[in-house]
Amino acid sequence: FRCFTNGVAGSNNWMLRGTGISDVLITGGATAAPHVSTFVYDSSVPEIKAYLDGSLQTTVSQSAISLSGSGPFKVGAYSGSTNLSGRMDEFRMYSHALTAAEVAAVWNQTLPLIVNEYPYCQNFDNSPGNWAEGGTQISWEHGEPNNSIISAANSPDNAWVTNLDGNYNNDELSYVSSPEFDLSPLVDPMIGFYAIRNLQSGTDGVQFQISTDSGATYSALGSSSSSNWYNSNSVSALNAAVQNPNGWTGTQTSWTYMQHSLASFASDTSVLFRFLLASNGSNVSEGFGFDDIIVAESNDLKLVSLIYSDTICGNSATTIRGLVCNNSVIDQNGFTVDIDTNGNVVSATISDTLQVCGCDTFDLFTFNSSDGGTWNFTAELNNSGDVNAANDTASGVIFAYPSPKVYASGGGTKCEGETDTLTFTFVGTSPWNLSYTDGTSTQYNGNVTNPFTVVVTQSGNYQATGLSDA
């Protein structure tokens, strides 16, 4: 079969045509404007439905269609020619006939990009997170659990579980697979997540698997001897299905944190994960759930930036703050930040707990900039066991205008009728705005220069009451 435009299809249209296929036309799908055209063959009817941008355009009854062939299957080509003009952004094939709801849900959904920014923190609350179920006798569902043991997600409201409100299936061999990960930005990668289970002990189980060949093959990550990982090395259904008996089995009634090193895959640019469930032919239970997955460094804090104003009016308490993010699979506290300011080194101790995937700002150094000047500073984060020193430093420069100051001179003992001269001398940026008083009334003079003199005839206690500069 082939899908083409122009000719008998007509301008701006797509036609699906092939041996044993009644022509199916999508009108307006081949215009200069971007569109998504979807053909769905349902062998149970049989029929082909055609959708444009998620909306059903036409349904064409078909005879039974054989889709077998020797290949090759070509996209953007016909026979020996390559006649696709313009641009095709995406081409997708699905393993089953999509429902109208599935077409509406996926037609405008961007294919998941590879994950290469860390920490990767997915709580599944707003979506399945580009994780997807597959296999046989599938019971995996994304949503809000409502069972006796698996009664809620670890972090409300949603998680991935086997059957949100019932049991998994007999003879099930199913999985939930991840999007693709590029682990090369990480120095010492690890994966962590929360899990809960109610499985037929010793027979049914779940195994965490990893693939480095785009999903062609998977292998178990770790074994029962791995710390904080599988609880069994003798799960019979797993052994029968994948010839590896390591996995989780039995019952754990509360959400429990699991983690494992991915150090062996630190240089891999294409990695897939999946949770594989295998069951025998009898005695099913609620199953398995996972939530709140993180892929990050084993131990890493990142000094993201220093927070300050680069040009200020000098003051008695200028503060430099730091934004620190936890790029680890564990909570962090008790770290320090050393900051060197014009050769003066001070250390700030952070006792607050910075949670997994969390960021926070902290006061690092406060100094007096009233006299003005330039401060060059470099900050370095110190975290015991940190695996990535490349993200531990930040630097900056602050220029401070001196705070305006005024000094008054003159005065003394005078006889009645004599005058005197007061002199106001300023520090800061000209011109200045000055307010002063004789103890009874206040005078204001704007835009004065240095020095500023005032001839006074009244006795009193003269002093400046207000000052600002440019």
Side-chain angles (χ1 to χ4, degrees), residues 303-324 336-350 352 359-382 393-470:
L303 181 56
V304 178
S305 63
L306 298 177
I307 302 170
Y308 60 93
S309 297
D310 54 7
T311 304
I312 62 173
C313 293
N315 58 79
S316 60
T318 299
T319 299
I320 299 173
R321 311 189 76 204
L323 174 62
V324 180
T336 63
V337 178
D338 295 337
I339 185 163
D340 183 333
T341 309
N342 289 355
N344 178 36
V345 180
V346 298
S347 182
T349 299
I350 311 300
D352 296 348
C359 296
D360 205 350
T361 55
F362 304 98
D363 291 346
L364 302 180
F365 180 53
T366 299
F367 62 98
N368 189 337
S369 61
S370 297
D371 291 336
T374 300
W375 281 262
N376 296 279
F377 48 90
T378 299
E380 181 177 5
L381 189 151
N382 300 298
T393 59
S395 60
V397 179
I398 292 177
F399 174 77
Y401 291 101
S403 298
K405 298 181 179 66
V406 60
Y407 301 93
S409 61
T413 303
K414 300 293 180 180
C415 296
E416 185 177 353
E418 291 183 318
T419 62
D420 202 350
T421 300
L422 296 179
T423 300
F424 294 95
T425 304
F426 304 102
V427 174
T429 304
S430 178
W432 291 265
N433 300 311
L434 172 68
S435 298
Y436 67 93
T437 180
D438 60 5
T440 302
S441 60
T442 298
Q443 303 294 323
Y444 172 80
N445 296 87
N447 294 317
V448 299
T449 56
N450 200 11
F452 175 63
T453 58
V454 179
V455 176
V456 296
T457 59
Q458 299 294 324
S459 62
N461 181 19
Y462 287 83
Q463 60 182 344
T465 58
L467 178 68
S468 64
D469 65 359

A.B. asks: How about Y308 and F377: are their ring centroids closer than 6.0 Å?
C.D. replies: yes
A.B. asks: Please say which of T465, L467, N445 ends up in a side-chain contact (heavy atoms from CB on, under 4.5 Å) with S435.
C.D. replies: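 Filter result, single survivor: T465.
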A.B. asks: Mind telling me whether F426 and F424 have parallel, tilted or perpendicular rings, with 30° and 60° as the class edges?
C.D. replies: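 The rings of F424 and F426 lie parallel, inter-plane angle below 30°.
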A.B. asks: If you look at every heavy atom in P451 and T423, which pair is closest and at what distance?
C.D. replies: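 In this case the closest contact between P451 and T423 is CB-CG2, 4.0 Å.
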A.B. asks: Scan D438, T437, T442 and name whichever one has a side-chain contact (heavy atoms from CB on, under 4.5 Å) with T440.
C.D. replies: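 The residue from D438, T437, T442 that satisfies side-chain contact (heavy atoms from CB on, under 4.5 Å) with T440 turns out to be D438.
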A.B. asks: Looking only at heavy atoms, which two atoms of T449 and S430 are closest? And how far apart?
C.D. replies: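 Closest approach of T449 to S430: CG2-OG, 4.1 Å.
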A.B. asks: Would you check if T425 and N450 make a side-chain contact, meaning some heavy-atom pair closer than 4.5 Å?
C.D. replies: yes
A.B. asks: If you round to the nearest 0.5 Å, how far is CG of L434 from OG of S468?
C.D. replies: 9.0 Å
A.B. asks: If the condition is side chain to side chain donor-acceptor pair (under 3.5 Å), which residues does T319 pass it with, not counting sequence neighbours?
C.D. replies: T366
A.B. asks: Flag the pair L422 / Q463 as yes when at least one side-chain heavy-atom distance between them is below 4.5 Å, and no otherwise.
C.D. replies: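 With C-beta onward as the side chain, the pair stays apart.
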A.B. asks: Within this structure, what is the CG-OG distance for the pair D420 and S459, rounded to the nearest 0.5 Å?
C.D. replies: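 Output value for this atom pair is 11.5 Å.
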A.B. asks: Give me the atom names and distance for the closest heavy-atom approach of V337 to A379.
C.D. replies: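 Shortest heavy-atom separation between V337 and A379 comes out as CG1-CB, 4.0 Å.
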A.B. asks: Once rounded to the nearest 0.5 Å, what's the spacing between atom OG of S369 and atom CZ of F399?
C.D. replies: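 With rounding to 0.5 Å, OG (S369) is 10.5 Å from CZ (F399).
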A.B. asks: Any chance the side chains of T378 and D340 put a donor and an acceptor closer than 3.5 Å?
C.D. replies: no
A.B. asks: Working to the nearest 0.5 angstrom, can you tell me the gap between I350 CD1 and N382 CG?
C.D. replies: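 Output value for this atom pair is 11.0 Å.
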A.B. asks: Supply the atom-to-atom distance Y444 OH to Y436 OH, rounded to the nearest 0.5 angstrom.
C.D. replies: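 It comes to 13.0 Å.
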A.B. asks: Does the side chain of D352 come within less than 4.5 Å of F362's, by heavy atoms?
C.D. replies: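 Yes - at least one pair of side-chain heavy atoms lies under 4.5 Å apart.
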A.B. asks: Is there a side-chain contact between F367 and I339, using heavy atoms and a 4.5 Å cut-off?
C.D. replies: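 In short, these two side chains do not touch, never coming nearer than 4.5 Å.
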A.B. asks: Can you tell me if CZ on F452 sees more than 12 non-hydrogen neighbours from other groups inside 6.0 Å?
C.D. replies: yes
A.B. asks: Between N433 and G446, what is the shortest heavy-atom contact and its length?
C.D. replies: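 That closest heavy-atom pairing would be OD1-CA, 3.4 Å.
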A.B. asks: Any idea which heavy atoms bring A348 and L364 closest together, and the distance?
C.D. replies: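 In this case the closest contact between A348 and L364 is CB-O, 3.6 Å.
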A.B. asks: Check L323 against C359 and note the closest heavy-atom contact, atom names and distance.
C.D. replies: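 Scanning both residues completely, I find the closest heavy atoms to be CD1-CB, 4.1 Å.
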A.B. asks: Once rounded to the nearest 0.5 Å, what's the spacing between atom CD1 of I320 and atom CH2 of W375?
C.D. replies: 10.0 Å
A.B. asks: Checking S347 now: which residues fulfil side chain to side chain donor-acceptor pair (under 3.5 Å) with it, not counting sequence neighbours?
C.D. replies: D338
A.B. asks: For a side chain to side chain contact (heavy atoms under 4.5 Å, CB included) check, start with the C-alpha distance between T374 and I398, then their side-chain angles and the critical distance, and finish with the verdict.
C.D. replies: CA-CA 6 Å; T374 300; I398 292 177; over 6 Å; no
A.B. asks: Side-chain donor-acceptor pair under 3.5 Å between T341 and N344, yes or no?
C.D. replies: no
